[in-house]
Amino acid sequence: MTSHSASLPLNPYDDMSPVTQAAYRARAAAAEIAPLPRAPKDDALLAMADALEVRTAEIVQANAEDVAKAREAGTSESVIDRLTLTPERVRAIAADVRHVAALPDPVGEVVRGSTLPNGLDLRQVRVPLGVVGIIYEARPNVTVDAAALCLKAGNAVLLRGSSSAYASNTALVRVLRDAVGGAGLPADAVQLVPGESRDSVRELMRARGLVDVLIPRGGASLIRTVVEESTVPVIETGTGNCHVYVDAAADLDMAVDILINSKAQRVSVCNAAETLLVHQDIAAEFLPRALDALAEAGVTVHGDERVAAYADGSKAEVVPATPEDWETEYLSHDIAAAVVDSLDAAVAHIRLWTSGHTEAIVTTSQAAARRFTQLVDSTTVAVNASTRFTDGGEFGFGAEIGISTQKLHARGPMGLPELTSTKYIVTGDGHTR
C-alpha cells in the first residue's frame, strides 16, 4: 500500500488519467519488488532476454515501421542508425540483459555501519529508489536497458520514449511485460507511458509523489525541458561537449591516436570529443599530423585562426570557428579546434564551455597531468586515454542508465548502485533517549 492510500477512492483508478493510472500501478509494483531477494529478479531478467530472442521478428517488424517513417520525414542517418533494430542488435541487447542479471544485487548492501557508544546498532543500507521515470529520444535499446537495470535494482520503471520510436517501444515493452509477468513478478514493473503527445510527458514530469525520480536521456533541449519543468526530482544526464587537450609534453603518436579515437570511433555518442585544444609550443609539430588524420577520418575542423594557419598543404577542411562552435555537441564528423598559450589557458577554455562530461589531457608530464586533473571539474578526467571510455560498461559497472553531469546523488556513469537510495536501520534493546 502506498502513502497515497488514505486519499484513494474505492476504485483508485476512477477519474484518473492514463498516465496517473500507470504511475499508481508502477508504485504498487515497486512495493512488491522492493523486498525481493536477488533470485526472482534475475529469473525475470533472464526471461526477458529469452523473450527478446524468441520474438525478434516481431520486434524488428515494428521497428521497420518507425524507420520507414523516419526516412519519409527526412531524419538524419545518424539518428536513423540509433533508431534501427536488426536481429543482431536485438541479440546484443538480450546479451546485455543477461549481463545485468549476472551483476551483484546492490539492494541490501551495507554502505556503512557501526555500534554506537550507547549500544545501538546502526546500519545504512541500499534500498530501491521506487518508481523511476525515463524520458528519452529515438534509441529503443534504452527501453530494454532501463527496464533491466531498474528491475535489477528493485525499481518499477515508466518509459517515455520519443514518438519516432513508438512502434518499436510498444513491441519491446509488450515482450518485456509478458516475460516479467510469466516469471511471477508484477508486469506493471515495466510500463510504457501512455500517449504520444507532449501532454503525457508533462504529466509524467508533474507526477510528484507517485514518481520518485526522472532521468532524461537525449539532447540538450530535452534535458533542459525536463530539468526546468519537472516537479519530480531529476537526475540530469548531460550533453557531451568533451575536450581533448594536447599538452606541450605530449607524445605525438599517442595524441593522434587518442584524438581520432575520441572523435571518430563513433561520432553520435555523448562521450565523443567535440573540441581539440593544442598547446602553442607543440602546435607546429602536432597540428599538421592531426589535421591530416582528422581529414582521413572524414572530420571537418572548425578552427580558430591559429589552427587554420597550419592547414596549408594538409588534407584537412578547416572552416572558421564561431563562438557557437565552442559550446556545440556536434554528434557528427565535426570538431572545434584552438591553439592555447598554456595548460591554464586550456583549463580556462574548458571551464567556460564544457558541459561537464569528459575531458582528456595527453601529456608525458606528471605535473601537467596532476594540475589538469585538479583544476578540471567534469564527471571524468582522462589522462592519456580516449574520452570514449566514459561508459558504465567500460568502467566495469556492467551497464549504465546514463551519465549524470550533476553533483547530487550520482555523478558520471550511473550503474546499479546509482539506481538505489539508502535508509538507516537502527537496532536497540529497549533503548530510549
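Keep in mind the model is a prediction, meaning the values are calculated, not measured. Start at 1 with the first residue, then count along the sequence.
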Under 3.5 Å, is there a donor-acceptor pair between the Asn63 and Ser168 side chains? yes
His333 vs Val299 side-chain heavy atoms within contact, under 4.5 Å:
yes
Quiz item: Is Thr363 close to Leu343 at the side-chain level, that is, under 4.5 Å between some pair of heavy atoms?
Solution: no
Is the gap between the ring centers of Tyr330 and His302 under 6.0 Å? yes
TODO: Indicate yes or no: at least one non-hydrogen side-chain atom of Met254 is less than 4.5 angstrom from one of Asp257.
DONE: no
Derivation and outcome, side-chain contact (heavy atoms from CB on, under 4.5 Å), residues Thr143 and Leu192 = CA-CA 9 Å; Thr143 301; Leu192 195 65; 5.5 Å; no
message = Evaluate Leu149 against Val132 for side-chain contact (heavy atoms from CB on, under 4.5 Å), listing each step before the verdict.
response = CA-CA 11 Å; Leu149 288 164; Val132 179; over 6 Å; no
Quick check on Gln366: does its CD atom have over 12 non-hydrogen neighbours (other residues, nucleotides or ligands) under 6.0 Å away? no
- Side chain to side chain, Ile401 and Ile134, heavy atoms closer than 4.5 Å: yes
Does any non-hydrogen side-chain atom of Leu210 lie less than 4.5 Å from one of Val19? no
Worksheet entry | N/O donor-acceptor pair under 3.5 Å between Thr387 side chain and Asn271 backbone | yes
Closest non-hydrogen contact found for Ala94 with Glu53 is CB-CG, 3.7 Å
- Query: Under a 4.5 Å cut-off applied to non-hydrogen side-chain atoms, are Ile403 and Thr358 in contact?
  - Reply: no
Should the heavy atoms of other residues, nucleotides or ligands under 6.0 Å from CD of Gln61 be counted, would the total exceed 12?
no
Exercise. Anything under 30° is parallel, anything over 60° is perpendicular, the rest tilted; go ahead and classify Phe395 against Phe397.
Key: perpendicular
The side chain to side chain donor-acceptor pair (under 3.5 Å) partners of Glu324 (sequence neighbours excluded) come to Thr322
CG (Leu204) and CD1 (Ile135) are apart, to the nearest 0.5 Å, by 5.0 Å
inquiry  = Has Asp325 got a side-chain atom pairing as donor or acceptor with Ala336's backbone, closer than 3.5 angstrom?
reply    = no
The side chain to side chain contact (heavy atoms under 4.5 Å, CB included) partner of Tyr136 among Asn169, Asn141, Asp145 is Asn169
request  = Run the numbers on Val107 and Lys41 for side-chain contact (heavy atoms from CB on, under 4.5 Å), then give the verdict.
outcome  = CA-CA 11 Å; Val107 177; Lys41 294 186 291 185; 3.9 Å; yes
Working note: Glu285 + Tyr310, criterion side-chain contact (heavy atoms from CB on, under 4.5 Å); need CA distance, chi angles, decisive distance, verdict.
CA-CA 10 Å; Glu285 192 175 359; Tyr310 295 102; over 6 Å; no
Rounded to the nearest 0.5 Å, the CG atom of Leu129 sits from the OG1 atom of Thr422 at a distance of 10.0 Å
In this structure, CD of Glu329 is separated from CD of Glu274 (nearest 0.5 Å) by 5.5 Å
When Val376, Ile361, Asp344, Val347 are each screened for side chain to side chain contact (heavy atoms under 4.5 Å, CB included) with Arg371, the one that passes is Asp344
Exercise. Ignoring hydrogens and geometry, is there a side-chain-to-backbone donor-acceptor pair from Glu359 to His243 under 3.5 Å?
Worked result: yes
For Val318 and Leu291, the nearest pair of non-hydrogen atoms, with its separation, is CG2-CD2, 4.2 Å
Is it true that Lys407 and Glu236 make a salt bridge, defined as a side-chain N closer than 4.0 Å to a carboxylate O? no
Original post:
Any salt bridge between Glu72 and Lys69, counting N to O under 4.0 Å?
Top reply: no
Rounded to the nearest 0.5 Å, the NE2 atom of His357 sits from the OG1 atom of Thr405 at a distance of 7.5 Å
What one should report as the nearest heavy-atom pair of Val362 and Asn384 is CA-OD1, 3.3 Å
Measure the acute angle between the ring planes of Tyr245 and His279, then classify it against the limits of 30° and 60° as parallel, tilted or perpendicular. tilted
So CG of Leu85 and CG of Leu52: to nearest 0.5 Å the spacing works out to 10.0 Å
When every non-hydrogen atom of Ala26 is compared with those of Ala156, the smallest separation belongs to O-CB, 3.3 Å
When you measure from the side chain of Lys263 to the backbone of Asp334, do you find a donor-acceptor pair of N or O atoms at a distance under 3.5 Å? yes
**Prompt:** Any donor and acceptor pair, going by atom type alone, linking the side chain of Thr354 with main-chain N or O of Gly356 inside 3.5 Å?
**Reply:** yes
Counting neighbours of CD on Glu229 that are heavy atoms of other residues, nucleotides or ligands and sit closer than 6.0 Å, is the number greater than 12? yes
- Hey, is the main chain of Ala345 close enough, under 3.5 Å, to the side chain of Ser342 for a donor-acceptor pair? yes
Residue set satisfying salt bridge (Lys or Arg N to Asp or Glu O under 4.0 Å) with Asp81, at least two apart, ordered chain then number -> Arg89
Is there side-chain contact between Leu46 and Arg98, with at least one heavy-atom pair below 4.5 Å?
-> yes
Closest non-hydrogen contact found for Arg82 with Ser268 is NH1-CB, 3.2 Å
For Ser162 and Ser164, the nearest pair of non-hydrogen atoms, with its separation, is OG-OG, 2.8 Å
Heavy-atom side-chain contact between Arg160 and Gln191 under 4.5 Å | no
Residues at least two apart in sequence or cross-chain that pass salt bridge (Lys or Arg N to Asp or Glu O under 4.0 Å) with Arg55, listed by chain then number, are Glu58, Asp178
So, does Ser378 use its side chain to make a donor-acceptor pair with the main chain of Val381 at under 3.5 Å?
-> no
- Query: Is the backbone of Trp353 close enough, under 3.5 Å, to the side chain of Asn241 for a donor and an acceptor to pair up by distance?
  - Reply: yes
I'd like to know if the side chain of Ser230 reaches the main chain of Met205, judged simply by a donor and an acceptor atom lying under 3.5 Å from each other, with no hydrogens or angles considered.
yes
Here the gap from Leu45 atom CG to Asp96 atom CG, rounded to the nearest 0.5 Å, amounts to 12.0 Å
Q | Asp188 with Arg25: basic N within carboxylate O range, under 4.0 Å | A | yes
(request) Could you go through the salt bridge (charged side-chain N to carboxylate O under 4.0 Å, His left out) check for Arg202 and Asp199 one step at a time? (result) CA-CA 5 Å; Arg202 294 190 187 96; Asp199 291 340; 3.0 Å; yes
* Asked: Checking Glu418 side chain against Gly415 main chain: does a donor-acceptor pair fall under 3.5 Å?
  -> yes
Note to self: For Leu408, I'd like to know if atom CG has over 12 heavy atoms of other residues, nucleotides or ligands within 6.0 Å.
What the structure shows: no
Note to self: For Arg411, is there an ion pair with Asp377 - N to carboxylate O distance below 4.0 angstrom?
What the structure shows: yes
